Amino acid sequence: MPDEKIAYTPEGVVLVSYPTLVSAPETLGAAIEKAFGSGPECLGIIVVKDLPPAYVAQREKLLTLAYKFAHLAQAQREKYSDESSNYSFGWSHGKEIMNGKPDVLKGSYYANPIIDVPSVSQELAEEWKEYYRPNIWPDPNEQGVEGFEEAFKDLGRFVFDTGCALAEACQPFALSRFSDATMSLPKLISTSQTTKARLLHYFPPSPDTPLHVDEDEPVDSWCGFHLDHSLLTGLCSAMFLREGDAPGAPPTVVPCPSSTSGLYIRNRGGELTKVSIPQDCLAFQTGEALELATGGKLRATPHCVRVGGSSQDISTTSRETFALFMQPGTEELLSPTSVTFGQFSEEYSQTIMERSLHEECNLKIK
């Protein structure tokens, strides 16, 4: 039975209040343990409500710009991609592998909303181009996406500041589980220069990217099952936009197309739960770096995104969202065995690549 002293969303996700988080974090121990602990019912996610009123406008502004950027001409979008960072800065579309195939169902814009140009050695910057490249921003006069950089930074900084407050509240709980008793979750996050935000546009299924949106639709049809490799990941509620009736017409904000559309998380007991984040709330998930730092005591939870709905509902509807990955510097040690975040990140990337190649081979064999 849920603890009556802890608030929950209708789906059973732990809910905490922003004013309490920033003014009395020491009172949230039970809620944090219920959300991030090792019990089989723990989802590894917490929702923060009662955010400042400005947040709603910041979210809507940036997510609308995600839609507008994705609707620029391809040549315009590609001006802001960066092959040298493995497309880890700026625009990326079709460069990642999902379920054994190039992922063309979503486009991403990556940037560090806290630091434009990291102050690290040239050697470190060259070794870790995925983390220490300067940000790439659309031209301020790029028609249709004016104000993109400012909106990205405004929302990113707020999510980051809220995540730092959550890290402070988590420290007493995490400290007893860290492999290294001197480790500080707030310090690992607040002093890092590797923070990365990802603005996501999920394209509607099209004749070129068909999906069978029915009872046989895979639960990970829009985004495959994965684990974040951060310490904590901040998530905004997704916004669904329906294309205008005429070319160039502005999109319309619409409700989630179906009760089956959205984010799914597998809890520590293996059960799958659909999770909805209210549009005036933020959510934070645990990542694999935190799992490593706690010797597996706080495990990251697999999650995915499903298209859902009927073909008619979704054919002109896109999904926009924003995620902020709060992670340590590449040289920070995460375990007593001297594994740095950079080494872990490299192993994570290699695992993803090997998994993708394995899936691709299996598809060819079938």
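Predicted model only: the values in this text are computed from it and were never measured. Here, residue 1 is the first one in the sequence, and each next residue gets the next number.
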When you look at M326 and L231, which way does the side-chain contact (heavy atoms from CB on, under 4.5 Å) test go after all the steps? CA-CA 6 Å; M326 290 168 283; L231 291 164; 5.6 Å; no
Membership question, hydrophobic clusters at under 4.5 Å side-chain separation (ILVMFWY): are L65 and Y67 in the same one? yes
Under 3.5 Å, is there a donor-acceptor pair between the side chain of S92 and the main chain of S108? no
If hydrophobic clusters are built by linking Ile, Leu, Val, Met, Phe, Trp and Tyr wherever their side-chain heavy atoms come under 4.5 Å apart, do L333 and L290 end up in the same one? no
Please work out whether the ring planes of F322 and F152 are parallel, tilted or perpendicular, with thresholds of 30° and 60°. perpendicular
Which class fits the ring pair F203 and H201: parallel under 30°, tilted 30 to 60°, perpendicular over 60°? perpendicular
Within a strict 4.5 Å, meaning less than it, do heavy atoms of the V253 and L241 side chains meet? yes
So CG of L166 and CG of L28: to nearest 0.5 Å the spacing works out to 8.5 Å
For side-chain contact (heavy atoms from CB on, under 4.5 Å), just list the numbers for L63 and L199, CA-CA rounded to whole Å, side-chain angles, deciding distance to a tenth of an Å, and then say yes or no. CA-CA 8 Å; L63 297 191; L199 181 62; 3.9 Å; yes
Is a donor from one side chain sitting under 3.5 angstrom from an acceptor on the other, for E11 and S276? yes
When you measure from the side chain of E150 to the backbone of F148, do you find a donor-acceptor pair of N or O atoms at a distance under 3.5 Å? no
Count the heavy atoms belonging to other residues, nucleotides or ligands that lie under 6.0 Å from CD of Q279, then report whether that count exceeds 12. no
Non-hydrogen side-chain atoms of E41 and K34 separated by less than 4.5 Å: yes
Validation: residues 45-62 side-chain donor-acceptor distances under 3.5 Å, sequence neighbours left out:
residue : atom : partner : partner atom : Å
D50     : OD2  : S17     : OG           : 3.0
Y55     : OH   : C281    : O            : 3.3
R59     : NE   : S237    : O            : 3.0
R59     : NH2  : S237    : O            : 3.3
R59     : NH2  : A238    : O            : 3.1

Would you name the heavy atoms of C236 and L282 that are closest together and state the gap between them? SG-CD2, 3.9 Å
Atom pair OG (S345) and OH (Y131), whose distance is rounded to the nearest 0.5 Å: 2.5 Å
Side-chain contact test, heavy atoms from C-beta onward, threshold under 4.5 Å: evaluate it for H71 versus E243 and give yes or no. yes
Within 45° of the ring axis of F89 and under 6.0 Å from its six-membered ring centre, is that where the NZ or CZ of K196 lies? yes
Specify the closest pair of heavy atoms between R77 and L72, including all atoms of both residues, with the distance to one decimal. NE-O, 3.1 Å
NZ on K274 to SG on C304, rounded to 0.5 Å: 11.0 Å
Are H229 and F341 side-chain neighbours, meaning at least one heavy-atom pair lies under 4.5 Å? yes
When you measure from the side chain of N267 to the backbone N and O of G269, does any donor-acceptor pair fall under 3.5 Å? yes
Pairs touching residues 23-33 that satisfy salt bridge (Lys or Arg N to Asp or Glu O under 4.0 Å), sequence neighbours left out: E33-R177
Indicate every side-chain donor-acceptor pair of residues 116-123 with a distance under 3.5 Å to a residue at least two apart or in another chain.
residue : atom : partner : partner atom : Å
D116    : OD1  : N135    : ND2          : 2.9
D116    : OD1  : W137    : NE1          : 2.9
D116    : OD2  : K153    : NZ           : 2.5
S119    : OG   : Q193    : OE1          : 3.3
S121    : OG   : L124    : N            : 3.1

Min side-chain heavy-atom separation F178-T294 under 4.5 Å: yes
Heavy atoms of G287 and A300 approach each other most closely as C-CB, 3.6 Å
Side-chain contact, heavy-atom cut-off 4.5 Å: V14 with F36? no
Answer yes or no: is there a donor N or O on one side and an acceptor on the other, between the side chain of E320 and the main chain of M239, under 3.5 Å? no
Any donor-acceptor pair under 3.5 Å from T317 side chain to R242 backbone: no
Hey, is the main chain of Q327 close enough, under 3.5 Å, to the side chain of S192 for a donor-acceptor pair? yes
Of all heavy-atom pairs linking P172 and A169, the shortest is CD-O, 3.5 Å
same_hphob_cluster(Y87, Y110) at 4.5 Å side-chain heavy-atom cutoff: no
Nearest heavy-atom contact between V159 and G234 is CG1-CA, 4.0 Å
Kindly assign one of parallel, tilted or perpendicular to the pair F69 and Y109, based on the angle between their ring planes and the thresholds 30° and 60°. perpendicular
Is there a side-chain contact between F160 and I189, using heavy atoms and a 4.5 Å cut-off? yes
Return the minimal non-hydrogen interatomic distance between A165 and L21, and the atom names on each side. O-CD1, 3.8 Å
Is it the case that one hydrophobic cluster holds both I265 and F325, taking links as side-chain heavy atoms less than 4.5 Å apart, direct or via other members? no
Return yes if some donor-acceptor pair links the side-chain N/O of T194 with the main-chain N/O of P328 below 3.5 Å, else return no. yes
Under a 4.5 Å cut-off applied to non-hydrogen side-chain atoms, are L324 and T195 in contact? yes
Output the distance between atom CZ (F240) and atom SG (C256), rounded to the nearest 0.5 Å. 4.0 Å
